[in-house]
Asker: 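This structure is in structure tokens; I'll ask about it shortly.
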Amino acid sequence: MKPKKTQPETPEKVQERDFFQTPNYATDLLVPFLPRYSIWEQACGNGKIVYRLRHHGFDVRGTDLGSINFLTGILPSPFDIMVTNPPYSIKRKFYSRCREIGKPFALLIPMDFCGWILSAMRDGARWIAPTRRIDFITPTGRSGKESAAQYHSGWLTFGIDLPQQITIVELTKKMKENI
């Protein structure tokens, strides 16, 4: 058994693991649960989530940490809900900041059920859990089998009406072709 190491949180220093993009099918899993409100994507990177949500007819504004630092900057307005795949190294800081802002949100993060995740669930956070792992697009552009995820990810949500604390959604091999 390989022990899990705590990863350093480095908001001031970007790490390669912070640049993994979200495939279309991962965003599609969230869409049926989103209310038709204005959305802010706080760490849009290349804009994959922004473009996919717009494809589904949502009003979305995307910013990146270089333009508006979500953790310390002034928030854009108006927006009703936050949706993002936060930088891996600071996912917990993103969760805390979202809770501080007090609006509904969905964060695509590993489903590792560590202490802070269990605490979040105790406070009302809910999961959208796919039946297969999400294969993120790597910084080099690899995806699918070339970038098979080593952990299961899902949408950690707060303030979004889900039927259960953990809502399992089907993710088929065919769906995973929509990168």
Side-chain angles (χ1 to χ4, degrees), residues 3-22 26-27 29-31 33-35 37-50 52-53 58-130 133-134 136 139 149-162 164-167 169:
K4 183 177 177 188
K5 292 182 183 178
T6 302
Q7 299 294 323
E9 292 183 353
T10 57
E12 68 288 335
K13 182 182 175 195
V14 179
Q15 300 176 35
E16 183 179 16
R17 63 192 172 129
D18 293 337
F19 286 107
F20 282 61
Q21 294 290 310
T22 307
T27 303
L29 297 173
L30 175 64
V31 165
F33 303 101
L34 286 177
Y37 297 141
S38 62
I39 298 172
W40 177 29
E41 212 285 49
Q42 318 92 290
C44 68
N46 293 337
K48 293 278 295 170
I49 292 175
V50 171
R52 194 62 184 172
L53 289 173
F58 288 92
D59 174 26
V60 186
R61 177 179 181 185
T63 60
D64 207 26
L65 297 179
S67 59
I68 294 180
N69 188 328
F70 170 69
L71 298 174
T72 61
I74 297 171
L75 306 179
S77 61
F79 70 91
D80 300 305
I81 189 169
M82 297 170 282
V83 174
T84 197
N85 171 2
Y88 182 84
S89 68
I90 53 175
K91 60 190 172 292
R92 184 176 180 178
K93 290 182 183 304
F94 261 69
Y95 174 81
S96 296
R97 179 72 167 132
C98 285
R99 289 289 286 140
E100 179 183 296
I101 291 168
K103 293 195 178 198
F105 63 86
L107 304 176
L108 185 59
I109 63 172
M111 296 185 69
D112 63 3
F113 295 98
C114 60
W116 75 268
I117 295 285
L118 294 174
S119 180
M121 291 176 71
R122 206 175 6 246
D123 290 340
R126 292 178 172 228
W127 282 102
I128 297 171
R133 291 181 179 179
I134 294 168
F136 294 91
Q150 297 179 9
Y151 49 82
H152 206 101
S153 295
W155 290 99
L156 181 66
T157 72
F158 197 91
I160 296 174
D161 188 27
L162 295 177
Q164 303 172 75
Q165 190 158 34
I166 300 176
T167 299
V169 293

Asker: Give a yes-or-no answer on whether the side chains of Ser38 and Asp80 include a donor-acceptor pair shorter than 3.5 Å.
Answerer: yes

Asker: Please identify each residue that fulfils side-chain contact (heavy atoms from CB on, under 4.5 Å) with Asn46, with sequence neighbours left out.
Answerer: Gln21

Asker: Which heavy atom in Ala129 sits nearest to a heavy atom in Met111, and how many Å separate them?
Answerer: CB-CE, 3.5 Å

Asker: Could you report the tightest heavy-atom contact between Ser153 and Phe136, atom names first, then the distance?
Answerer: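 For Ser153 versus Phe136, the nearest heavy atoms are OG-CE1, 3.5 Å.
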
Asker: Report yes if some heavy atom in the side chain of Glu41 is under 4.5 Å from a heavy atom in the side chain of Arg61; otherwise report no.
Answerer: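 No, side chains not in contact.
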
Asker: Find the distance between CG (Leu30) and CD1 (Ile49) and round it off to the nearest 0.5 Å.
Answerer: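 That separation rounds to 8.5 Å.
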
Asker: For the backbone of Ile166 and the side chain of Arg126, can you confirm whether one donor and one acceptor N or O come within less than 3.5 Å of each other?
Answerer: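 The answer is no, because no donor-acceptor pair under 3.5 Å joins these two groups.
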
Asker: Within 45° of the axis and under 6.0 Å from the centre of the six-membered ring of Tyr88, does NZ or CZ of Lys91 qualify?
Answerer: yes

Asker: Does the side chain of Pro130 reach to within under 4.5 Å of the side chain of His152, using non-hydrogen atoms?
Answerer: yes

Asker: Looking at side-chain heavy atoms only, is the closest gap between Tyr151 and Arg133 below 4.5 Å?
Answerer: no

Asker: Please name the pair of heavy atoms, one in Val50 and one in Gly62, separated by the smallest distance, quoted to 0.1 Å.
Answerer: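 Taking every non-hydrogen atom into account, CG2-CA, 3.7 Å.
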
Asker: Would you mind reporting whether Ile160 and Ile81 have side-chain heavy atoms less than 4.5 Å apart?
Answerer: yes

Asker: Do Tyr95 and Pro86 touch side chain to side chain, with heavy atoms closer than 4.5 Å?
Answerer: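 No. Closest side-chain heavy atoms not under 4.5 Å.
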
Asker: For Leu65, run the side chain to side chain contact (heavy atoms under 4.5 Å, CB included) check against Thr72, Ile90, Leu71 and tell me which one passes.
Answerer: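 Exactly one option meets the side chain to side chain contact (heavy atoms under 4.5 Å, CB included) with Leu65, and it is Ile90.
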
Asker: Quick one: list whatever passes side-chain contact (heavy atoms from CB on, under 4.5 Å) with Ser119, sequence neighbours left out.
Answerer: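 Scan of Ser119 (side-chain contact (heavy atoms from CB on, under 4.5 Å), adjacent residues dropped) gives Arg122, Asp123.
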
Asker: Among side-chain atoms of Trp40 and Thr63, is any donor-acceptor pair under 3.5 angstrom?
Answerer: yes

Asker: Is there a side-chain contact between Leu53 and Leu34 (heavy atoms, below 4.5 Å)?
Answerer: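 Yes, close enough: below the 4.5 Å cut-off.
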
Asker: Looking at Thr84 and Gln42, what are the two nearest heavy atoms and their distance?
Answerer: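 In terms of heavy atoms, the two residues are closest at CB-OE1, 3.3 Å.
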
Asker: Measure across Trp127 and Gly154 and return the closest heavy-atom pair with its distance rounded to 0.1 Å.
Answerer: CZ3-O, 3.5 Å

Asker: Would you be so kind as to tabulate the donor-acceptor pairs closer than 3.5 Å made by side chains of residues 97-108, with sequence neighbours excluded?
Answerer:
residue : atom : partner : partner atom : Å
Arg97   : NE   : Phe70   : O            : 2.9
Arg97   : NH1  : Glu100  : OE2          : 2.5
Lys103  : NZ   : Phe79   : O            : 2.5

Asker: Is any side-chain heavy atom of Phe33 less than 4.5 Å from a side-chain heavy atom of Ile128?
Answerer: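 Yes. Closest side-chain heavy atoms under 4.5 Å.
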
